[in-house]
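One structure is given here, and the rest of the page talks about it.
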Amino acid sequence: MAFGFRVGVPGMSVRVSTRGVRASMGPRAARISMGSDGTRLSSGVGPFYASNSLGQGRRHTSTSRTTRSRSVAPSAAQLERARRQAERAQQEAERDAAIAQLQELRRQTTSVHLQSFTPARPPVVPGPPQLGLAWALAEAQAHHLTGLGVFARTERAAAKRRAEEDAPAYLAAEQARLHAVHGRLANEADQWWQALLTNDEDTVCEAVNYAFCDNPAAGCAVGVDEPVLSVVMRQQDIGTLPGQTPGITSSGRPTLKTLSKRDRTLWWLTSMGSNIIATLKEAFAVAPGVMAIDLAVLTRLPDTQSLGFVAYGRWTRQAIEAGPWRETADALRFLDIGQDVACSVTTTASGNLSSTIKPLDTSRLPGLQSLLDHAQDDTGSGDATLAGLDADLRANAPTAPLPDHYRIRPFAEWKSQTTPRTPPSAPTAPVHAPAPPSRAAATTLAPGQNLVLPEEARQGLLIAFSFAGADADLTLFLTDTHGQVTCDEDFVFYHQPSAAQGAARLLGKQTDGPHTVERAALHPAALPAHVQRVTIAINMDVDTGLTCGALTHAALYMDCTTGATWTFNPPADPDIRSMVIAELYRHTTNGLPVWKLRAIGQGWADGLDGLARAHGVNVE
C-alpha cells in the first residue's frame with residue numbers, strides 16, 4: 001500500500017517551533033489549540049483575548065518521558081583553559097618551593113650564633129670491666145679442653161683440674177693489668193686537662209680545631225699568647241649568595257624578586273657576624289683557660305676575586321658570655337662588643353650600608369699580613385692553602401674506632417707469656433681449633449622438649465652454634481621469671497660480649513671447614529639471683545637482608561663438664577630474622593634447685609630489634 005497523508009480538518013493551522021508542534025482550529029471567537037503543553041481554548045472579540053487550559057498536559061499524565069543524557073566531549077577551548085591552569089599551578093608550586101628554600105637558607109646562615117656549646121669538663125676515664133672467677137674458669141677450661149673428644153674422660157678430667165689451677169692466677173693477672181691500664185689512662189687525662197687549663201699552645205689549638213671541624217664557616221686556631229687565642233675564619237664569598245629573595249606583589253601574592261645589592265650586603269654581613277659569634281662561643285667553651293680571642297675573617301673579594309681580610313678584632317670571654325644571643329639581629333652586635341674591631345662593610349652618613357666590600361689594611365698587623373701572603377698562591381686562584389685548611393679541619397673528625405685499651409688477653413696468650421718456653425728439642429703438641437662436639441655423641445632435642453641438666457652443668461656450659469650459608473650472631477639474654485632483663489647490661493651480644501662479671505660471655509667466631517662456629521661460655525652457678533632464665537638466640541646480619549631461611553646446617557650444641565652433650569637443629573624459617581633457639585631456666589625438682597633446658601626455635605620478623613624489645617631491652 002502506497003504512503004498517504006491527509007489533513008481533513010477545515011481551518012486547521014500547524015505551528016512548528018523549537019518547543020514543539022501545535023495545531024489549532026476553529027474561528028477566533030472560539031479556537032482550540034492542541035500541543036505538547038496540553039489543550040487550550042482561546043476566545044477573542046475585538047481587541048480582547050483570553051486563553052484557558054482544558055487539561056493537565058502530557059507532563060502531568062501517567063505516561064512519563066524518558067530523558068536521555070548525552071556525553072559531550074570537552075571543547076578545544078576548555079582543554080586549553082585546563083592546560084593553562086595546570087601550568088599555572090605547577091609554576092606556583094615551584095615558586096612556593098623556591099621561596100621556602102630561600103627562607104630556610106637565610107635562616108640557617110644567619111642563626112648559627114643562637115646555638116649553645118657545652119663547657120669543657122675534666123675527662124673521666126671509665127673503669128675496666130669487672131671480671132670474676134667464673135669467667136676465668138670458663139676461659140681456662142675452653143683452652144685446656146681444646147682438641148679433646150667427649151669420650152676422652154681421663155684427659156678431660158685432667159684438663160679441668162689444670163683449668164682450676166690456672167684460673168685464679170689468670171684472673172689476678174688480668175685484674176692487675178687492667179688496673180694498671182686504668183691508672184695510666186687517668187694520669188694521661190689529668191695531664192691533658194692541666195695543659196688545657198694552663199693554655200699549652202699545642203693542646204689548646206688541637207682541642208679547638210677538633211671542635212671547629214663541623215662548623216659551617218671553617219675556622220682554625222693558629223696560636224696562643226698567654227690567655228689570648230688567635231683564630232682565623234673563612235667566611236663564604238658574597239658571590240655565592242642567591243640572586244633572588246622572597247617578596248610580595250602589589251596584590252599581596254607571594255613572589256620572587258631580584259635581591260638588591262643592599263639586601264645582599266646585609267645578608268652577608270649578618271651571616272658573617274653569626275659565624276663570628278658562634279666561633280667565639282665555641283672556642284671559649286672548649287678552652288677554659290682562654291680569656292680573649294683575636295679573630296680575623298678571610299673571604300674572596302668580589303672585585304678582584306682574591307683573598308682578603310674583611311673583619312678582625314678582639315673579643316673577651318666576659319663580653320661574649322654576657323651577650324643576649326636570642327635573635328638573628330643580635331649577630332650584628334659583634335661590631336659593638338669587641339675591641340679594635342675593623343670591618344669592610346661600613347655605614348654611610350645616610351644610614352645605608354656601603355655598597356662595596358674592600359680589603360682591610362693589614363700593614364700594621366704583621367701576623368695577619370704574613371698569614372694572607374701564605375694563603376694566596378702564584379696562579380691567583382686565591383685559596384689553595386684554605387682548601388688545605390678545610391681538609392685539615394675535616395681530618396680532625398675521628399675516622400677510625402678508638403683502640404680498645406681494656407682488651408682482655410685470651411687465656412692462651414696469657415699462658416704463653418707466663419709459661420717458660422719449651423726447648424727446641426722438645427716436641428710440642430699440636431693445637432687444633434675448637435670444634436663443635438660430635439653429632440654422634442650428642443642427644444638431639446625436638447622443638448618444645450624439656451630436660452633436667454645434670455648438677456655438673458651448674459659449674460659450666462660451653463655453647464656452640466654452627467652454621468653455613470649466611471652470617472648470624474649468637475645472643476644471650478639474662479632475664480627474670482617473666483623473660484625480661486632487669487638492665488641493659490644483662491643483654492650479651494657482639495657489642496657487649498660479657499655480663500654478670502663474666503658468668504655469661506661470648507667467645508667469638510671461628511671457621512671450621514665449610515661451617516662457621518660461634519661459641520659462648522655460661523656458668524649458671526655464678527649467675528646473680530635475679531637471673532632466672534637464660535635465653536639463647538641468634539639474629540641475622542641486618543645488612544644482608546637475609547632471613548633464617550638462608551642458614552644451612554644450623555645446629556646448637558651444649559656441652560657440660562661431665563661430657564654430656566645436647567644438640568638442637570633450629571628450623572630454617574624464611575619469615576624471621578631472629579630466633580630463640582633454646583632457653584635455660586631455674587626449676588625445683590624433689591625440693592632441690594636445678595636448671596632445665598628447653599628447645600624452642602621461634603623468632604621475630606623484624607630481627608634483633610624485635611628480639612631485644614621482646615626481652616625488655618631499650619632499643620631507642
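In this text, all values refer to a predicted model and were calculated from it rather than measured experimentally.
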Would you check if [X] and [Y] make a side-chain contact, meaning some heavy-atom pair closer than 4.5 Å?
| X | Y | value |
| --- | --- | --- |
| Y312 | D294 | no |
| P359 | V310 | no |
| Y406 | H182 | yes |
| L178 | P129 | yes |
| I408 | E174 | yes |

Around atom [atom1] of [X], are there more than 12 heavy atoms from other residues, nucleotides or ligands closer than 6.0 Å?
| X | atom1 | value |
| --- | --- | --- |
| E104 | CD | yes |
| Q101 | CD | no |
| H530 | NE2 | yes |
| R407 | CZ | yes |
| Q115 | CD | yes |

If you measure from the Lys or Arg side-chain nitrogens to the Asp or Glu carboxylate oxygens, is any gap between [X] and [Y] under 4.0 Å?
| X | Y | result |
| --- | --- | --- |
| D303 | K358 | no |
| E139 | R505 | yes |
| R314 | D340 | no |
| R253 | E92 | yes |
| D237 | R234 | yes |

>> Is the distance between the ring centroids of F493 and F491 under 6.0 Å?
In response: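 Yes, they do, as the ring centres are separated by less than 6.0 Å.
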> What do the steps show when you test W267 against T109 for side chain to side chain donor-acceptor pair (under 3.5 Å), and what is the final call?
Replying inline: CA-CA 9 Å; W267 183 352; T109 56; 2.9 Å; yes
>> Does I538 form a side-chain contact (heavy atoms from CB on, under 4.5 Å) with T475? I'd like the steps, not just the answer.
In response: CA-CA 6 Å; I538 61 166; T475 304; over 6 Å; no
> Could you go step by step and tell me if V517 and T511 meet the side-chain contact (heavy atoms from CB on, under 4.5 Å) rule?
Replying inline: CA-CA 6 Å; V517 182; T511 301; over 6 Å; no
>> With a 3.5 Å distance limit and no angle check, can you tell me whether E201 reaches the backbone of V224 through a side-chain donor-acceptor pair?
In response: yes
>> Between L506 and E518, is the side-chain contact (heavy atoms from CB on, under 4.5 Å) condition met? List the steps.
In response: CA-CA 8 Å; L506 296 179; E518 184 170 10; 4.2 Å; yes
>> Assess the residue pair D512 and T516 against the criterion (side chain to side chain donor-acceptor pair (under 3.5 Å)); give the C-alpha distance rounded to whole Å, side-chain angles, the decisive distance to 0.1 Å, and a yes or no.
In response: CA-CA 6 Å; D512 182 21; T516 300; over 6 Å; no
> Under the side-chain contact (heavy atoms from CB on, under 4.5 Å) criterion, do I238 and L241 qualify, and how do the steps go?
Replying inline: CA-CA 6 Å; I238 191 172; L241 295 178; 4.3 Å; yes
>> Between R317 and E321, does the salt bridge (charged side-chain N to carboxylate O under 4.0 Å, His left out) criterion hold? Intermediate values first, please.
In response: CA-CA 6 Å; R317 177 184 292 273; E321 292 180 349; 3.1 Å; yes
> How many angstroms lie between atom OG of S111 and atom CH2 of W325, to the nearest 0.5 angstrom?
Replying inline: 14.0 Å
>> Applying ring pair (Phe, Tyr, Trp, His ring centres under 6.0 Å) to W135 and Y170, what does each step give before you reach the verdict?
In response: CA-CA 10 Å; W135 163 81; Y170 175 49; 5.1 Å; yes
>> Show, in sequence, the C-alpha distance, side-chain angles and deciding distance for Q235 and S271, and conclude whether the side chain to side chain donor-acceptor pair (under 3.5 Å) test is met.
In response: CA-CA 8 Å; Q235 172 64 16; S271 173; 3.3 Å; yes
